Structure formats: C-alpha cells, structure tokens
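The structure displayed is predicted, hence computed values, not measured ones. Chain A is the first sequence line, chain B the second, and so forth, proteins listed ahead of strands; every chain is numbered from 1.
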Number of protein chains: 2
Amino acid sequence: MVAQVRRFNRVVTQQVGALNDRFLARDRPLGESRLLWEIGADGRDVRSLRTALDLDSGYVSRLLRSLESAGLVATEPSGADRRVRLARLTDAGRAERRLLDERSDELAALLLATLPERQRERLVAAMAEVERLLTAATVRVAPADPDDAAARHCLRAYAAELNARFEGGFDPARSIRADAADLRPPAGLLLVATLHGAPVGCGALKLHGAEPAELKRMWVDESARGLGIGRRLLAELERHAAEHGAPAVRLETNAALTEAIALYRSAGYAEVPAFNAEPYAHHWFEKPLPPQA
Amino acid sequence: MVAQVRRFNRVVTQQVGALNDRFLARDRPLGESRLLWEIGADGRDVRSLRTALDLDSGYVSRLLRSLESAGLVATEPSGADRRVRLARLTDAGRAERRLLDERSDELAALLLATLPERQRERLVAAMAEVERLLTAATVRVAPADPDDAAARHCLRAYAAELNARFEGGFDPARSIRADAADLRPPAGLLLVATLHGAPVGCGALKLHGAEPAELKRMWVDESARGLGIGRRLLAELERHAAEHGAPAVRLETNAALTEAIALYRSAGYAEVPAFNAEPYAHHWFEKPLPPQA
DNA sequence: TCCATTCTCTGACCGTAGTCAGATGATCCT
DNA sequence: AGGATCATCTGACTACGGTCAGAGAATGGA
C-alpha cells in the first residue's frame, strides 16, 4: 500500500507538478504568478494573501511592488482599517490572470490528449476520487471552545441550515437549549472539523454522568459533504462519550435531515420512543456504547 | 472534465508535491538529495545521472563535489571509458539514502493515516489507476527506422520473447522473413512506443498495394503491459494501412500468444483460413478496413 | 491620553538552483 | 598521427525564493 502511494507520488509530481509550474510561470517568477492568481478578480487584502500563501510579509510586499510596476496590480488602503492595504488587479492584470487560466486548461487538456476516450474517462474519474479522498485526509477534527471564532461560525451555520430546511423554519428560542457551558468540558465536548484552517463541520456532546450522553449540533458544510466528515465526528464523539462512562449516545432529529438520519442508521443507531419534548424533533435515536475497561 | 483535472492538479501538487520535497530535503539542498537518490545503491556514471535528471553538467559536477566533501559519495573513473566517471555511495551515503527511503515511506503512511480503512483502500486503488493512466498518457508512439537503436532493441526483444514462449523455441531463419527494407516506407511502417525515452513496444506493417496489408512484430515490454499500448499501436497501424489503400489488415500468430490473440479479437479481427505457410503460426486473422474517401 | 499592538514596507542579507564559457584530458575516426 | 568529439570540471555569474530587523503609520485598550 505504501509502495503504491510512493509510486503515485513519483509519477504525479513529475508529470503534473513540474508541468504545472512551468505553465504558471510564463517568463514571470512563479511567486508573482501565484500571487496574481490568489488576488483574484475582486481584489483581496494583503494580510489575507500573506496567510493564504504562508509567505513573509516583506516578501509579499516586494512581490506586490513588482507586479505593481509591471502594471498588473494596484493597491489602495482598505476602507475599514487603514493599516491594511487592498490589492486589486488592473485590466492588464485581469487579462494576465485570464491567460494563466487558459494555460491551466491547456495543461489539463494536454494530460488527456493522448488517451483514447474510454481511458480518459477512467482517468478523470480516478482523479476525482483521489482528489476527494486526499482532501478528506487533510481534514482535521479537534476539540474547540464554543466561543472560538471557528466554533461560532459552525454553530451559526448550523442554526441557519436548520432554519432553511425545516418546514416553517427554526427558532432557537423554541428549541431545547444547549449553552456554550453545556458543550465545554467537563459538561460536554464540541468538535470542529477544519480544512486548510477553514471550519467545515462540527458536532457536540452533552454528558450526563451514568445516563446516556446527548448528541448535538451535528453539521457539515455543503462544500465538504461526501468526505466522511460527519462519520468521523460521530465516531470521535462516541469514543469520548464511552471514555466518560456514558452507556449510550442518544439524539433527536428532524425528518427534513435525511442524510443525517441515514448516517445515524448506518452508524448503528436505532430509533427509540421520544425521550424528550423537543418541538422540532420527529425521530429519536439511540446507540449503546461498549463499556470501558 | 478539464475542470476536474485542474482540481486534481491543485490538490495533489499542494498536498503531495510540497510535502514530498520537504521530506526529501532534510537540511540538505533538494538537488543533492535527489542526486543521492538517483545514484542508487550500486553506483551510476555521471553521464546517465545528468540525462536522467536533465541537469547542466557543471551543476551536477558541483553537486557531486558537495556530496563528496560531505563524505556521502565517492567518484572514480569508469573502467570502460576513462572519460566518464562513476559515482558510488559510501557507507554513510548508503545510510543517508536509506533514511530518505524511510522518510518517503513515512510520508506515504502519513497521507493514509487519517483515513479509515475503507477510504484508505479506495484511495490507494484510485492512486494506482491514476498512476497507470498518467503513465499511459506519456507513452509516445512514433514511426522509427528499423535500424534505430530503439527499434533494434524492440525487434530483438520481440524475437527473444517468441523464443521463450513458443513451444520448441523460435528460430527467425525458419520463419517468413521481414527485412528492415520491408518495414521502411513506402514498403511498410514500423512504429515504436517509448516511455521517458526508453522503448517499450513496437508494431509493424507490410503494405501490398491493393492487397491486404500484413501486421508484423507486435510486441509490448512486460513492464508496460496493461497500458493499452498494444491497442494504440494496432489502431495507428490500421489507420496507416487504410490511408495507403489497403482493403484489410491480416496477420498470423502463435497459439502461445494468448493476450495478443485476445487483443486482435477485441479489435475486430476475425479468424480466417491460413493465407500463408508460416511454420510458427496456428491462427490467421483478418480485419476489413473502411475505404478511404 | 499613552502604550502596546498590528500592518505594511524597505533595506540588507543568504542559500539554492541553474546557466554559460572555457580548460583539460580521454577517445574515436580517418 | 591529427583533428574532431566527448565527458567532466572550474570559475564567474544570475535570478529566484526567502528571512530578518527595523521604521512608520494606524489602531485598540486601559
């Protein structure tokens, strides 16, 4: 297995990696091309560029100066905070970026060009699978405080999604509460999944001593579905619950959340009679946990 | 399709490419590590290193000097041609290379680590497919003169394989002859498939004006089977035959060559009565060609 | 209000990768 | 034997990517 991965790395970095860079750097230094690309059509503040590309502030500054003197980029102070500067593409810069775009398309087409139709389809399908799973492999799941920026983003997105999907909307005030304190150890646990630093999912647990633990706030961003993040969050939370002596995990859910219900069922949850009076719930599930040694 | 390829390129070059380099370069410049790796356990002459890595001769020389002064490599004049020098790893160099090897394994394991077993298997399978098809996509098929070094290598390998696989061996003198002149335009055509410059397959055609053309010398190196090279050679040769007015392509083959027979059948060839007296043949096939406009 | 912090920029600096033009010695060809 | 060619090496040079230490302006908090 490891040998196959290494073979893959070798072939792909040679074939794709090298070509990619050569295509991107057309007479201009690679760093500048990358920056040009990252600025994007709508402009972007220098600070976010720095963190996105993980570069030294002095270095970014110099690259911007160079792009500026080439007439591709213009910078201006940002309106809100006049310390940060905003980089925008000029018309020439936009044209250059479009060109990079076309070259990337050409490169992609070139990779496919020599293959007959059937193999081409198989290659693209396999690429999609590799990309999906490699992305999944870089998702990090870690405990977070409910007041963290990432955690709050997730919890807001969670409420917004319920509101959008429930028939008649979702009003948190009518629902059974789960305050920040309930999701913080030792009372509970909040896990946040991040991809390249951006929050893409969460899930929480409320512990009740020797009583079953409650599962709360399961949410995965639309852009990150299909990567098995929900399943990972669920497994981690169950492990945590078991470690803290919970004999089972239970949860309530709304009929509109069909994927979530499918996930619970496939993870071994069985439907049980209502164990609380949550007004938004249609189904109640429970899964016994193995007792800890 | 192109968009998927681009997404793949982005994700993979980031994830795999960058990591790969960081792992290989452990405090030492990347170029040196790569060279150390390429020298291999048995040593290698400087010339082949230069062509394999596609580097300037002066640059390679300097890298070798640096590795030498670090005590990792020793060079000596080659026995045969005293202009070329041979680079060998010292014990320390061998240890260092082993370390790189281990780190590559670690890297590969790291990529898989966060995934659950099932996704891991799917990732590795998809990687194998991408690697295989990407390799297939870089195979070049081009006409060659039968006296070229690459062509001669293929023709020798072809005869050697027949000799190994035919019951009772294969003696070219007893078989119907096909001289170099027969495979050279306008009498015929020889195609050679190369992968990174190394010959990995061939196929030839003898034209007979308005009579069916004859297929000859189909061979694919064992290391390159399963990449669709045989099928590509066959298709190219058929195209060529049709362009030169051949109404059909026909061929004779030995019962031992089961994959070849399967290929012919699946490409639309039908078995016909013997049309010549080739002593090594058990089967004769023919495929009609569409008339050219 | 003052002090600490944040953001950007400049100048100085470094190592790596890579190119180019010979010089030297070995080999091949005639 | 002599000239052309080849493999290697050295020296000089360049661009690129990147780091570090401030300086200066803007902002936020006590």
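Taking for each of B:Leu86 and A:Pro29 the nucleotide of DNA chain D with the nearest heavy atom, the 5'-most of the two is the partner of B:Leu86.
A straight line from CG of A:Leu67 to C1' of D:dC16 spans 14 Å, rounded to a whole angstrom. One atom, CD of B:Glu76, and another, P of D:dT8, lie 13 Å apart when rounded to the nearest Å. B:Arg85 places its CZ atom 11 Å from the C1' atom of C:dG25, with the value rounded to the nearest Å. Put simply, CZ on A:Arg65 is 4 Å from P on C:dC9, counting in whole angstrom units. Remark: C1' of D:dT10 and CG of B:Leu63 are 14 Å apart, rounded to the nearest angstrom.
Partners of A:Leu30 according to the side-chain contact (heavy atoms from CB on, under 4.5 Å) rule, which considers only residues two or more places apart in sequence or in another chain, are A:Asp21, A:Leu24, A:Ala25, A:Arg34. Annotation: side-chain contact (heavy atoms from CB on, under 4.5 Å) contacts of B:Arg98 (sequence neighbours excluded): B:Ala95, B:Glu102. With sequence neighbours excluded, the residues that form a side chain to side chain donor-acceptor pair (under 3.5 Å) with A:Arg28 are A:Glu96. Applying the side-chain contact (heavy atoms from CB on, under 4.5 Å) rule to A:Ala204 yields the partners A:Leu183, A:Leu190, A:Lys216, A:Arg217; only residues at least two apart in sequence or on another chain are considered. With sequence neighbours excluded, the residues that form a side-chain contact (heavy atoms from CB on, under 4.5 Å) with A:Arg97 are A:Trp37, A:Leu89.
A salt bridge does not link B:Asp56 to B:Arg62: none of the charged side-chain nitrogens sits closer than 4.0 Å to a carboxylate oxygen.
Within the structure, salt bridge (charged side-chain N to carboxylate O under 4.0 Å, His left out) contacts touching residues 78-87 of chain A (residues at least two apart or in different chains) are A:Asp81-A:Arg83.
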### Query
Where along nucleotides 20-30 of chain D does protein come under 4.0 Å, by heavy atom, of base (B) or sugar-phosphate alone (S), with - for untouched nucleotides?
B-----BS---

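Residues from residues 31-53 of chain A with heavy atoms under 4.0 angstrom of DNA chain C, sorted by number: A:Val46, A:Arg47, A:Arg50.
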Pair up each side-chain donor or acceptor in residues 135-142 of chain A with any protein partner under 3.5 Å, not counting sequence neighbours, and list the distances.
{"from": "A:Thr135", "atom 1": "OG1", "to": "A:Glu131", "atom 2": "O", "distance (Å)": "2.7"}
{"from": "A:Thr138", "atom 1": "OG1", "to": "A:Thr135", "atom 2": "O", "distance (Å)": "2.8"}
{"from": "A:Thr138", "atom 1": "OG1", "to": "B:Gln15", "atom 2": "NE2", "distance (Å)": "3.3"}

